[in-house]
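Comments concern the structure below.
To find a chain, count down the sequence lines: A is the first, B the second, and so on, and within it residues start at 1. Keep in mind it's a predicted model, so treat the numbers as computed, not measured.
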Protein chains: 2
Amino acid sequence: MNVISERRRTGRPLSFDRDAALTQAMMVFWRHGYEATSLADLTTAMGVTAPSIYTAYGDKKRLFLEAVRRYLSGPVTSDSIIDEAPDGRAAAARLLETAALGFTGDTTPPGCLLASAAISCSAEAADVQAELAAIRRGIEDRLRRKIAADRGTDAEALAAHCMAVVQGMSTLARDGASRGKLLEIASIAMRAWPNA
Amino acid sequence: MNVISERRRTGRPLSFDRDAALTQAMMVFWRHGYEATSLADLTTAMGVTAPSIYTAYGDKKRLFLEAVRRYLSGPVTSDSIIDEAPDGRAAAARLLETAALGFTGDTTPPGCLLASAAISCSAEAADVQAELAAIRRGIEDRLRRKIAADRGTDAEALAAHCMAVVQGMSTLARDGASRGKLLEIASIAMRAWPNA
DNA sequence: AGCGTTTCATAGTGATCATTATGAATGTGA
DNA sequence: TCACATTCATAATGATCACTATGAAACGCT
């Protein structure tokens with residue numbers, strides 16, 4: 001049952017690294033968003049011709065969603081950050097810090113892929129925007145539940161505030177804000193918590 | 001020197017209300033952003049044919065920037081909010097509250113026009129993105145100076161946090177967050193200030 | 001009325017968009 | 001070696017993009 005060694009029985013083999021090409025696609029989507037990324041941008045960045053993209057990934061929308069899954073499935077996911085934190089407060093702090101670092105990486109585009117791709121959507125890309133909104137809501141719900149386990153009163157508002165700060169940090173990062181500035185913002189945001 | 005009664009001496013008069021059409025254009029840009037708004041969207045929303053748009057406003061970029069100026073020149077501008085506040089803390093609180101209200105108006109699109117239009121820009125619209133970023137920085141600088149007049153230490157971080165929350169509230173509003181939720185976020189954000 | 005000026009609607013510009021038809025190329029299995 | 005399956009590169013598809021050439025229509029002025 002070794003999946004790696006399982007090969008298609010017949011046919012010409014793929015001439016490009018499907019995984020590496022997907023990473024390049026993720027980078028382009030990360031930098032320019034979903035709609036502003038043209039298939040010509042993708043072919044040049046991935047080094048793959050358009051028909052090969054379509055046979056390998058489907059269409060542009062499926063390629064984007066696969067890039068989003070790749071973006072979310074890093075070694076440090078927002079899910080694990082929240083779940084493995086000792087309490088809601090630590091979850092929020094780590095989420096903010098991880099966002100500040102992830103939005104200012106020197107080998108990745110500035111800001112958040114989800115935030116960059118989500119806004120400025122035309123009518124035909126409304127379903128893509130809806131999927132991204134669902135992902136954001138999922139993260140927010142997970143954080144809210146984590147906070148509510150400790151302190152019941154204002155869990156929803158605290159989680160929403162944290163999400164707003166993360167979203168805003170993405171914009172500031174795209175505007176050129178430094179990593180230090182984003183970490184300061186995260187620190188300020190955590191002052192909103194009681195019994196500091 | 002009555003400007004209103006001054007008319008062009010010759011030529012066929014404009015058959016549409018230039019001001020009302022600009023408002024409609026602002027609404028479309030507000031909802032869909034800059035690049036996702038096509039000229040076909042604008043012609044249908046404004047009730048004006050494409051050549052008339054070009055003779056009246058220039059090109060799409062100039063029309064958008066004029067819509068941005070219209071958006072920023074309301075009766076309650078961010079500038080006046082900040083300047084007329086008694087201190088930096090009140091300026092931040094009013095900015096957050098005004099944003100929460102303005103992003104959830106029942107006759108306007110959800111979110112912030114600047115935030116909606118800024119993200120997801122292709123290379124050719126980079127100058128538009130740069131202009132929007134300059135506007136955001138101008139607001140942030142004004143807020144930072146206002147805060148720094150009271151308390152010198154962490155004015156920059158407090159201003160940046162406030163801007164991040166405003167930006168984030170726009171995203172949450174577009175995701176369907178209610179006015180009450182945004183006001184709660186604003187309230188939580190103000191807890192970050194010392195000597196509450 | 002007639003001229004000059006401006007805006008009007010119609011239609012079309014080349015460019016770019018995502019997507020695909022086509023046939024040659026390259027592999028496996030027999 | 002040969003049929004079969006799959007991917008390859010080339011080139012083209014119709015649609016849409018921002019933008020405009022063109023000539024008729026509607027005004028003020030003389």
Side-chain angles (χ1 to χ4, degrees), chain A residues 4-22 24-25 28-29 32-67 117 120-129, chain B residues 2 4-22 25 28-29 32-67 117 120-129:
Chain A
I4 299 294
S5 67
E6 265 186 24
R7 314 189 140 244
R8 267 177 306 282
R9 291 198 310 276
T10 61
R12 179 174 176 172
L14 231 63
S15 67
F16 63 94
D17 187 337
R18 193 187 184 283
D19 221 49
L22 178 61
Q24 294 307 314
V28 182
F29 282 128
H32 296 295
Y34 171 65
E35 292 214 81
T37 298
S38 71
L39 228 72
D41 296 333
L42 292 168
T43 56
T44 57
M46 302 167 74
V48 179
T49 60
S52 296
I53 290 181
Y54 277 81
T55 57
Y57 305 97
D59 56 358
K60 184 187 172 186
K61 185 180 301 181
R62 274 197 282 258
L63 172 59
F64 173 72
L65 293 176
E66 198 164 342
S120 187
C121 272
S122 68
E124 64 189 53
D127 52 347
V128 171
Q129 189 168 12
Chain B
N2 192 343
I4 299 296
S5 67
E6 263 186 26
R7 313 188 140 245
R8 267 177 303 285
R9 292 199 309 277
T10 63
R12 180 173 173 171
L14 231 64
S15 67
F16 62 94
D17 188 337
R18 194 187 183 281
D19 220 50
L22 177 61
V28 182
F29 283 128
H32 297 294
Y34 172 65
E35 293 215 82
T37 298
S38 71
L39 228 71
D41 296 333
L42 292 169
T43 57
T44 56
M46 302 168 74
V48 179
T49 60
S52 296
I53 290 180
Y54 278 81
T55 56
Y57 305 96
D59 55 358
K60 183 186 173 185
K61 186 181 299 180
R62 275 197 282 260
L63 173 59
F64 172 71
L65 293 177
E66 197 164 346
S120 186
C121 271
S122 69
E124 64 190 51
D127 51 346
V128 172
Q129 189 167 13

Point to revise | Any side-chain heavy-atom pair of B/L63 and B/L22 under 4.5 Å | key: yes
Check your understanding: Taking only side-chain nitrogens and oxygens of B/Y54, does any of them come within less than 4.0 Å of OP1 or OP2 of D/dT20?
Key -> no
Review point. CZ of A/R12 versus P of D/dA3: gap in Å, rounded?
Key: 20 Å
**Study point:** Distance test, side-chain N/O of B/S52 to OP1/OP2 of C/dC8, below 4.0 Å
**Key:** yes
Exercise for review: Report yes if at least one side-chain N or O of B/S15 is closer than 4.0 Å to OP1 or OP2 of C/dT7; otherwise report no.
Suggested key: no
**Study point:** Touch class at under 4.0 angstrom, heavy-atom based, for B/T43 against every strand present
**Key:** nothing
Review point. Which of these nucleotides, D/dA18, D/dC27, D/dC8, is closest to any side-chain atom of B/S38?
Key: D/dA18
Check your understanding: Which listed nucleotide (D/dT10, C/dT7, C/dT10) is nearest to the side chain of B/L14?
Key -> C/dT7
Point to revise | A/D41 CG - C/dA18 C1' separation (whole Å) | key: 12 Å
**Study point:** Spacing of A/D17 atom CG relative to D/dC8 atom P, expressed in whole Å
**Key:** 12 Å
Review point. Looking at C/dG27, D/dT20, C/dT19, which one has an atom nearest to any side-chain atom of A/P13?
Key: C/dG27
Point to revise | Spacing of B/K60 atom NZ relative to D/dC17 atom P, expressed in whole Å | key: 9 Å
Review point. Within the structure shown, what part of the strands sits under 4.0 Å from B/T55 by heavy-atom distance: base, sugar-phosphate, or nothing?
Key: nothing
Exercise for review: State, yes or no, whether a side-chain contact exists between B/K61 and B/D127 at a heavy-atom distance under 4.5 Å.
Suggested key: yes
Check your understanding: Rounding to a whole Å, what distance do you find between A/L39:CG and D/dT16:C1'?
Key -> 16 Å
Check your understanding: What's the OH-P distance between A/Y57 and C/dA18, to the nearest Å?
Key -> 16 Å
**Study point:** Which atom of B/A21 lies closest to which atom of B/V48, heavy atoms considered
**Key:** CB-CG2, 4.3 Å
Exercise for review: Anything under 30° is parallel, anything over 60° is perpendicular, the rest tilted; go ahead and classify B/Y34 against B/F64.
Suggested key: tilted
Review point. Can you tell me how far P of D/dT6 sits from CD1 of A/I53, to the nearest Å?
Key: 21 Å
Check your understanding: Can you check the B/L42 CG to D/dC17 P distance for me, whole Å?
Key -> 10 Å
